[in-house]
Amino acid sequence: MTTKTGVKDENLDEAKLERLNANMAKMDELSKRLVAAMAHRKASDPGLQGPSQDIYVKAMSAYMAEMMTNPSKIIEQQVNYWGKSLKHYVEAQQALSAGKIEAPEDKGPSDRRFKSELWDEHPYFNFVKQQYLFNSEAITDAMSNIEGLDATERNRISFFSRQIVDMFSPTNFLGTNPEALAKAVETDGESLVKGLENLVRDLEANDGDLLVSLADKDAFTVGENIAATEGSVVYRNRMFELIQYAPTTDKVHATPLIIFPPWINKFYIMDLKPANSLIKWIVDQGYTLFIVSWVNPGESHADVGIDDYIDEGYLTAINEVKKITGEKQVNAVGYCIAGTTLSMVLGLMNKRGDKSVKSATFFTTLTDFEDPGEMGVFLDNDFVDGIERQVAEQGYLHSFFMSRTFSFLRSNDLIYAPAVRNYMLGETPPAFDLLYWNGDSTNLPGRFVVDYLRQLCQDNLLAKGEMKVLGETLSLDDVKVPVCAVACETDHIAAWRGSYAGVQQFGSKDKTFIVSESGHVAGIINPPTKKKYGHYTNDDMSGDQDDWMEGATFHEGSWWPRWQGWLGKKSGKKIPARVPGDSTHPVLTAAPGTYVLPKK
């Protein structure tokens, strides 16, 4: 009996051979689909694909200059690397020469990418792993310690060097991944077939571009098992749908609460499953809650800028909530980019003498972009110029580019580990609501994204007091209402230190600042019942970030009850609960509305 390649194998039984041949035939068919999918890939601006060549030229020039002026430092780095590599090789050889088919003792750092026991026990895979870690350390240290670069250049070079190092991990290649190889043998190649099916499906879903699926897309339906808190759409315009949630208590606070979520993603991050729904929790505390569900923009929104989001979005939504409830004031929440814009809305209202907002809460919000954290590596002209050229041609920035950018901030968790699981192990992505939401991203209007990146992120006009909005020049000092800001300790998108710097410049006399454990999403979506992440508080905001954290008190558990205590004092007396809408705002459709649903 022979295989298709003509290699004779007496031990291969008929059933296994049939399975193997069938899987090879499937791979042949899938390969054709793969080529067809990639043929549909649309050209995009080179500036969106990676940093300009200047960054590599600067890195090489600085390294060469350092080699000339401080050769002992470079030699020390190289000798240290050579010594580790040689010692590693000798130890492996000694084990083999002693007749031991085992790896030498591995004293290296733990790394969850190498969780299979074979990385530690098998001499070949252990050698590959340890040598990769030595290489990674050498490259990372060399790039991090280059002299002659400013802080921005050094951060960018370190970040993109790390991306290259992570990409070349042996876990990312079939020939050096023992777990993937073992599974391919055990399943007669079926795991590779399923993996190729997953890869082709992802390519087809993104018109030939690759965006790794993080969650099982068939496990959730928006409005059924996620985003299912009872409510109604009571207003709609070209920018948003306004959802009012049905009360779950007999009495509610008189002052309504309106949440402005980021329009980079969809609002239901705050309404996943009932157990971790911030929206349901707020309603259960006795608030009349409204939320803005932003439209997913296309070419028709190419002209939409910051002024339009403020005028047709924030100001309109706040006025409609006042009409529906009959209240003169609302409490407002802004999350991420929506918080940045909310700060401008508050400044504008202050300039106009408009008292419609009683208090404001900011979730993971940057208003001073002097230190944008890790996101700063994508804010140089090479990327922003590319975005500007792309949106000039298309009218909007496709959601694919923002999703990919945010994924690279945590590439091992959001790109390579899922790719190994989906494509090499052939596993179905997990049924994880948060990751499903993460993959349900939105476009950005062309004019808005350029103005936001240029005026706020690059030029930092709001913090400089030079931001022009609807005929007014705004500064952070124009924010006068009581504020509560919640930042997250390990946030890769809106670093807590930058968030603190912005809040510190607000003109408010009443400021509360909280730092939650965890990151941009998990630190906010942290229900009290789970008791998973704690938080830090400190009433003294007179010092810098280090002073604040040094004097902060750590509290176990979620910050939600603490915020509710703050918000409740600013929400008025209790009144009979309100049902969604009124005579001039009839129910248009049930929550979560139509704007949040996938485009057909």
Side-chain angles (χ1 to χ4, degrees), residues 222-223 226-237 239-248 252-253 255-274 276-296 309-310 312-325 327 330-339 341-342 345 356-365 433 437 440 442 484 486 521 524-525 527 560 563-564 567 571 577-582 585 587-597:
V222 175
I226 51 174
T229 298
E230 184 182 357
S232 304
V233 175
V234 293
Y235 178 84
R236 179 189 294 128
N237 65 14
M239 295 297 296
F240 71 92
E241 290 182 328
L242 182 65
I243 299 171
Q244 181 179 359
Y245 287 94
T248 58
V252 295
H253 288 279
T255 305
L257 178 66
I258 180 170
I259 298 179
F260 295 96
W263 46 91
I264 293 176
N265 289 96
K266 296 179 180 179
F267 80 87
Y268 67 85
I269 182 57
M270 292 176 278
D271 190 28
L272 297 172
K273 297 174 183 176
N276 60 350
S277 171
L278 176 58
I279 286 173
K280 184 179 185 304
W281 184 86
I282 291 172
V283 172
D284 289 345
Q285 307 312 303
Y287 292 90
T288 301
L289 178 63
F290 295 81
I291 197 164
V292 165
S293 175
W294 299 104
V295 71
N296 187 359
Y309 271 99
I310 289 176
E312 296 182 55
Y314 287 74
L315 298 181
T316 298
I318 289 169
N319 284 331
E320 296 304 321
V321 170
K322 288 166 58 181
K323 291 177 186 177
I324 292 170
T325 61
E327 297 292 326
V330 306
N331 289 316
V333 177
Y335 194 157
C336 189
I337 191 174
T341 311
L342 177 60
V345 172
S356 294
V357 176
K358 184 185 287 188
S359 77
T361 300
F362 298 89
F363 296 162
T364 62
T365 294
D433 53 359
W437 164 86
D440 190 13
T442 58
C484 177
V486 184
V521 172
I524 298 298
I525 310 305
W560 292 9
W563 172 58
Q564 198 282 130
L567 183 65
S571 298
R578 305 175 175 107
V579 297
D582 67 359
H585 295 79
V587 170
L588 302 179
T589 188
T594 60
Y595 282 1
V596 74
L597 300 177

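As a basis for the values below, the full set of heavy atoms in this structure was taken, side chains included, without hydrogen atoms, waters or symmetry mates.
- Checked by atom type and distance alone, the side chain of Trp560 pairs as donor or acceptor with a backbone atom of Ile524 at under 3.5 Å.
- Using a 4.5 Å heavy-atom threshold, the side chains of Cys336 and Ile264 count as separate.
- Across every non-hydrogen atom of Pro261 and Ala338, the tightest pair is O-CB, 3.2 Å.
- In this structure, CD1 on Ile282 lies 11.5 Å from OG1 on Thr248, to the nearest 0.5 angstrom.
- Within a 6.0 Å sphere centred on NZ of Lys358, heavy atoms belonging to other residues, nucleotides or ligands number more than 12.
- Residue Gly334 comes nearest to Leu342 through the heavy atom pair N-CD2, 3.6 Å, listed as atom of the first residue, atom of the second, then distance.
- Inter-residue side-chain proximity for Asp582 and His585 is flagged as met; some heavy-atom pair is nearer than 4.5 Å.
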(request) Please test Tyr235 against Ile324 for side chain to side chain contact (heavy atoms under 4.5 Å, CB included), starting from the C-alpha separation and ending with a verdict. (result) CA-CA 10 Å; Tyr235 178 84; Ile324 292 170; 5.6 Å; no
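- Asn331 and Tyr287 share no donor-acceptor pair across their side chains, judged by distance under 3.5 Å alone.
- No side-chain donor-acceptor contact under 3.5 Å links Asp440 to the backbone of Lys266.
- Asn319 contributes no side-chain N or O that, together with a main-chain N or O of Thr316, makes up a donor-acceptor pair within less than 3.5 Å.
- Between the Thr365 side chain and the Phe363 main chain, a donor and an acceptor come within less than 3.5 Å of each other.
- Residues Trp437 and Ile226 are not in side-chain contact: their nearest non-hydrogen atoms beyond the backbone lie 4.5 Å or more apart.
- Heavy atoms only, all atoms of each residue included: Pro592 and Gly223 are closest at CD-CA, 3.6 Å.
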(request) Just do the side chain to side chain contact (heavy atoms under 4.5 Å, CB included) check on Lys273 and Asn276 with the steps written out, would you? (result) CA-CA 6 Å; Lys273 297 174 183 176; Asn276 60 350; 3.6 Å; yes
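- Nearest heavy atom pair, residue Thr229 against residue Ala591, reads O-CB, 4.0 Å.
- Considering Phe240, Phe260, Tyr314, Trp294 as possible partners of Tyr309, the one that fulfils the ring-ring contact (aromatic ring centres under 6.0 Å, His included) test is Trp294.
- Side-chain atoms of Thr255 never come within 3.5 Å of backbone atoms of Val330 as a donor-acceptor pair (strictly under, hydrogens ignored).
- No donor-acceptor pair under 3.5 Å is formed between the side chain of Tyr595 and the backbone N or O of Val292.
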(message) Walk me through whether Thr361 and Trp563 qualify under side chain to side chain contact (heavy atoms under 4.5 Å, CB included).
(response) CA-CA 9 Å; Thr361 300; Trp563 172 58; 2.9 Å; yes
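- Atom CD of Gln244 is separated from atom CD of Glu320 by 12.0 Å, given to the nearest 0.5 angstrom.
- Taking a cutoff of 4.0 Å between a charged side-chain nitrogen and a carboxylate oxygen, Glu327 and Arg578 qualify as a salt bridge.
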(message) Let's go through Tyr245 and Ile291 carefully: what are the C-alpha distance in whole Å and the side-chain angles of both, what is the deciding distance for side chain to side chain contact (heavy atoms under 4.5 Å, CB included) to 0.1 Å, and is it a yes or a no?
(response) CA-CA 8 Å; Tyr245 287 94; Ile291 197 164; 3.5 Å; yes
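- Distance CD1/Ile269 to OH/Tyr335: 6.0 Å, rounded to 0.5 Å.
- Among all heavy-atom pairs drawn from Val321 and Pro256, the shortest one is CG1-CG, 3.7 Å.
- Here OG of Ser571 is found 8.0 Å from CD of Gln564. Values are rounded to the nearest 0.5 Å.
- Between atom SG of residue Cys484 and atom CG of residue Leu567 there is a gap of 8.5 Å, rounded to the nearest 0.5 Å.
- Here the straight-line distance linking atom OG1 of Thr288 with atom CD1 of Ile258 works out to 12.5 Å at 0.5 Å rounding.
- Between Asp271 and Ser277, the shortest heavy-atom distance links the atoms OD1-OG, 2.7 Å.
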